[in-house]
Amino acid sequence: MKSKIILLGPPGAGKGTQAEILGNKLGFTRLSTGDMLREAVRNGTELGKKAKTYMDAGGLVPNDIIIGMMKEKIENLEGAFLLDGYPRTVEQADALGTIVDIDLAVNIDVDDDVLIDRLTKRRSCPKCNAVYHLTNKPPKKDGICDACGAELYQRDDDKEETIKNRLKVYRENTFPLIDYYSKKGKLFTVKGNEGTIDDIFARIEKALKD
Ligand code: AP5
């Protein structure tokens, strides 16, 4: 099975949702740059203070900060792993390529109108990073994480204006990575708004085993 993978796709495509299932069902270690940065912001670290302005505006945190943050973490990974939210620019992809040769880039493709609905109705767990949706995947108890019991919250960047900027930033900076990994023969695209969350996982699992 392919064991070194990255998840690509626009904001709200379902990267975090599928990363959680890949971790739970197939034992992938997950590294999510978004989760790491949000934790740094919550803890008020130097990294968090620098990252917050960019994140709140829906922009990208500068490459030098992110590449430095990820290098050591990736070098220390063992076994099957997935990267969620990294790389996000060609410069980050080039930097990743100097550390590890990934097996597959899984591109989750979703139409823009669906993305806006998903993000405005998303609720996230600040403690274990589980992801919910008010109608598509509600928690069993209103406002409470099924997995760890923490109170769910709405991310600061899940406001409609910020979402529009995140989509623009995605198209300009991250979309070129689809071609980048396709040329290397490592791209698998899954339509992320056709079928249930479990259906999409099944298609990804099959691609990992092909
Ligand atoms: P990050 O946290 O990575 O955000 P993102 O890429 O914008 O992606 P999201 O987390 O918003 O969406 P997702 O695809 O994970 O969707 P989810 O599974 O939650 O980054 C945040 C910020 O950090 C960036 O804007 C940037 O500033 C900074 N940053 C991070 N990495 C960086 C990097 N490498 N370089 C520079 N800056 C960086 O699903 C969304 C919703 O849809 C949920 O409610 C879910 O329940 C629902 N859903 C999911 N799948 C389905 C389905 N199949 N059917 C129905 N509903 C579904």
Side-chain angles (χ1 to χ4, degrees), residues 6-23 30-41 47-48 50-71 73-74 82-93 95-96 106-111 114-126 129-139 145-146 152-159 162-175 177 190-204:
I6 63 171
L7 299 185
L8 295 176
K15 302 182 295 295
T17 300
Q18 295 300 331
E20 191 181 332
I21 308 177
L22 285 159
R30 298 164 52 187
L31 277 190
S32 156
T33 42
D35 288 345
M36 281 178 219
L37 292 168
R38 279 183 289 278
E39 193 182 339
V41 171
L47 167 67
K50 280 188 203 153
K52 188 174 182 339
T53 334
Y54 300 101
M55 295 173 79
D56 284 352
L60 292 182
V61 177
N63 279 326
D64 56 335
I65 298 180
I66 296 289
I67 290 171
M69 175 181 96
M70 292 303 281
K71 185 171 186 295
K73 293 195 189 299
I74 294 169
L82 69 86
L83 306 179
D84 165 12
Y86 186 84
R88 231 171 167 110
T89 63
V90 169
E91 195 177 337
Q92 292 179 15
L96 176 64
V106 176
N107 171 39
I108 308 179
D109 179 36
V110 175
D111 305 330
V114 178
L115 297 173
I116 292 175
D117 171 82
R118 284 190 184 179
L119 292 173
T120 50
K121 293 187 186 151
R122 170 167 59 185
R123 296 296 179 268
S124 307
C125 176
N129 299 312
V131 179
Y132 300 87
H133 184 276
L134 292 181
T135 47
N136 299 341
K137 192 191 169 208
C145 178
D146 295 347
L152 301 177
Y153 80 114
Q154 184 169 25
R155 275 171 43 177
D156 287 343
D157 59 352
D158 279 350
K159 298 183 190 96
T162 316
I163 292 169
K164 286 187 179 149
N165 193 41
R166 287 164 63 199
L167 291 172
K168 181 170 170 279
V169 167
Y170 165 78
R171 277 187 217 102
E172 287 169 1
N173 297 277
T174 313
F175 187 75
L177 294 183
V190 59
K191 194 74 193 153
N193 55 326
E194 287 172 5
T196 64
I197 290 172
D198 288 340
D199 293 336
I200 291 154
F201 169 71
R203 281 179 238 150
I204 295 174

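Whatever order the structure lists ligands and atoms in, that order sets their numbers, starting from 1.
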Participant: If you have a sec, work out which protein heavy atom is nearest atom 31 (N) of ligand 1 and how many Å separate them, to one decimal?
Facilitator: T33 OG1, 2.7 Å
Participant: Please confirm whether R38 approaches ligand 1 to less than 4.0 Å, judged on its heavy atoms.
Facilitator: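 R38: in contact with ligand 1 (<4.0 Å).
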Participant: Report yes if the side chains of L31 and M70 come closer than 4.5 Å at any heavy-atom pair, otherwise no.
Facilitator: yes
Participant: For ligand 1, indicate whether the residue I200 contacts it via side chain, backbone, both or neither (heavy-atom separation under 4.0 Å).
Facilitator: side chain
Participant: Starting from atom 42 (O) of ligand 1, locate the nearest protein heavy atom and write down its residue, its atom name and how far away it is, to 0.1 Å.
Facilitator: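 Here the nearest protein heavy atom works out to R118 CD, 3.2 Å.
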Participant: Atoms of ligand 1 less than 4.0 Å from H133 heavy atoms?
Facilitator: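 Answer, ordered by atom number: 44 (O), 46 (O).
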Participant: Does the residue R123 have a heavy-atom contact with ligand 1, meaning some pair of atoms that are separated by less than 4.0 Å?
Facilitator: no
Participant: Any idea which protein heavy atom is nearest atom 29 (N) of ligand 1, and the distance to it?
Facilitator: L37 CD1, 3.5 Å
Participant: What atoms of ligand 1 come closer than 4.0 angstrom to any heavy atom of A13?
Facilitator: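 Counting atoms of ligand 1 from 1, those under 4.0 Å from A13 are 14 (O), 16 (O).
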Participant: Check for a donor-acceptor pair, side chain of T174 on one end and backbone N or O of R88 on the other, with a separation under 3.5 Å.
Facilitator: yes
Participant: Could you identify the single nearest non-hydrogen protein atom to atom 39 (O) of ligand 1 and state the distance to 0.1 Å?
Facilitator: T17 OG1, 3.6 Å
Participant: When you compare the side chain of V61 with that of M69, does any pair of heavy atoms fall below 4.5 Å?
Facilitator: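 No - every pair of side-chain heavy atoms lies 4.5 Å or more apart.
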Participant: Quick one, Y86 and I6 - any side-chain contact, counting heavy atoms below 4.5 Å?
Facilitator: no
Participant: What atoms in ligand 1 come closer than 4.0 Å to a heavy atom of Y86?
Facilitator: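 The atoms of ligand 1 under 4.0 Å from a heavy atom of Y86 are 34 (N).
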Participant: Do D158 and T162 make a side-chain contact, defined as non-hydrogen atoms from C-beta onward lying under 4.5 Å apart?
Facilitator: no
Participant: For D111, is there an ion pair with K191 - N to carboxylate O distance below 4.0 angstrom?
Facilitator: yes
Participant: Just so I know, are the side chains of L177 and N107 near enough to count as touching, which here means a heavy-atom distance under 4.5 Å?
Facilitator: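 No, side chains not in contact.
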Participant: Would you kindly specify which portion of R166 sits under 4.0 Å from ligand 1, judged on non-hydrogen atoms: side chain, backbone, both or neither?
Facilitator: side chain
Participant: Check each heavy atom of L119 against ligand 1 and say whether those closer than 4.0 Å belong to the side chain, the backbone, both or neither.
Facilitator: side chain
Participant: Would the number of heavy atoms belonging to other residues, nucleotides or ligands and lying under 6.0 Å from NZ of K137 be above 12?
Facilitator: yes
Participant: Does Q18 use its side chain to pair, donor to acceptor, with the backbone of I197 at less than 3.5 Å?
Facilitator: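 Side chain of Q18 to backbone of I197: a pair is present.
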Participant: Closer than 4.0 angstrom: is that true for some heavy atom of P10 and an atom of ligand 1?
Facilitator: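 So P10 counts as touching ligand 1.
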Participant: Do I66 and L60 have side chains that get closer than 4.5 Å, going by heavy atoms?
Facilitator: no
Participant: Do any N/O atoms on K137 end up under 3.5 angstrom from N/O atoms on ligand 1?
Facilitator: no
Participant: So which heavy atom in the protein is nearest atom 35 (N) of ligand 1, and how far is it from that ligand atom?
Facilitator: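 Atom 35 (N) of ligand 1 sits closest to the protein heavy atom Q92 NE2, 2.9 Å.
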Participant: Of all the non-hydrogen atoms in the protein, which one sits nearest to atom 5 (P) of ligand 1, and at what distance?
Facilitator: R88 NH2, 3.3 Å
Participant: Could you check whether any side-chain heavy atom of R123 comes within less than 4.5 Å of a side-chain heavy atom of Q154, counting everything from C-beta outward?
Facilitator: yes
Participant: Below 3.5 Å, N or O to N or O, backbone or side chain included: is there any such pair between R155 and ligand 1?
Facilitator: yes
Participant: Treating D84 as the side-chain partner and R30 as the backbone partner, does any N or O pair qualify as donor plus acceptor under 3.5 Å?
Facilitator: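 No; zero donor-acceptor contacts below 3.5 Å.
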Participant: Is there a nitrogen or oxygen of I66 sitting under 3.5 Å from a nitrogen or oxygen of ligand 1?
Facilitator: no
Participant: Check whether any side-chain heavy atom of L119 lies under 4.5 Å from a side-chain heavy atom of P11, and answer yes or no.
Facilitator: yes
Participant: Ligand 1 versus Q18, non-hydrogen atoms closer than 4.0 Å: side chain, backbone, both, neither?
Facilitator: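 No part of Q18 is near ligand 1 at this cut-off.
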Participant: How long is the span from the CG atom in N193 to the CG atom in D109, to the nearest 0.5 Å?
Facilitator: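 Output value for this atom pair is 7.5 Å.
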Participant: Judged by atom type as modelled, is there a donor-acceptor pair below 3.5 Å linking the side chain of Y132 to the main-chain atoms of D146?
Facilitator: yes
Participant: Polar contacts were defined as any N/O atom of the residue lying under 3.5 Å from an N/O atom of the ligand; does this apply to D84 and ligand 1?
Facilitator: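 Such a contact does not occur with ligand 1.
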Participant: Counting distance only, does the side-chain N/O of K15 pair as donor-acceptor with the main-chain N or O of P10 below 3.5 Å?
Facilitator: yes
Participant: Evaluating non-hydrogen atoms only, which member of G12, S124, P62, G9 is closest to atom 12 (O) of ligand 1?
Facilitator: G12
Participant: Of all the non-hydrogen atoms in the protein, which one sits nearest to atom 23 (O) of ligand 1, and at what distance?
Facilitator: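 So the nearest neighbour among protein heavy atoms is M55 CE, 3.5 Å.
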Participant: Ligand 1 versus Y132, non-hydrogen atoms closer than 4.0 Å: side chain, backbone, both, neither?
Facilitator: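 Contact part for Y132 vs ligand 1: backbone (N, CA, C, O).
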Participant: Who gets closest to atom 25 (O) of ligand 1 by heavy atom: P11, G59, G16?
Facilitator: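 Nearest option to atom 25 (O) of ligand 1, by heavy atoms: G59.
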Participant: Starting from atom 55 (C) of ligand 1, locate the nearest protein heavy atom and write down its residue, its atom name and how far away it is, to 0.1 Å.
Facilitator: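 Minimum-distance protein heavy atom for atom 55 (C) of ligand 1 reads N136 ND2, 3.2 Å.
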Participant: Less than 4.0 Å is my threshold; does some heavy atom of G192 fall inside it relative to ligand 1?
Facilitator: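 The answer is yes: ligand 1 sits under 4.0 Å from a heavy atom of G192.
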Participant: Which bit of V61 gets closer than 4.0 Å to ligand 1, counting heavy atoms only: side chain, backbone, both or neither?
Facilitator: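 Both parts.
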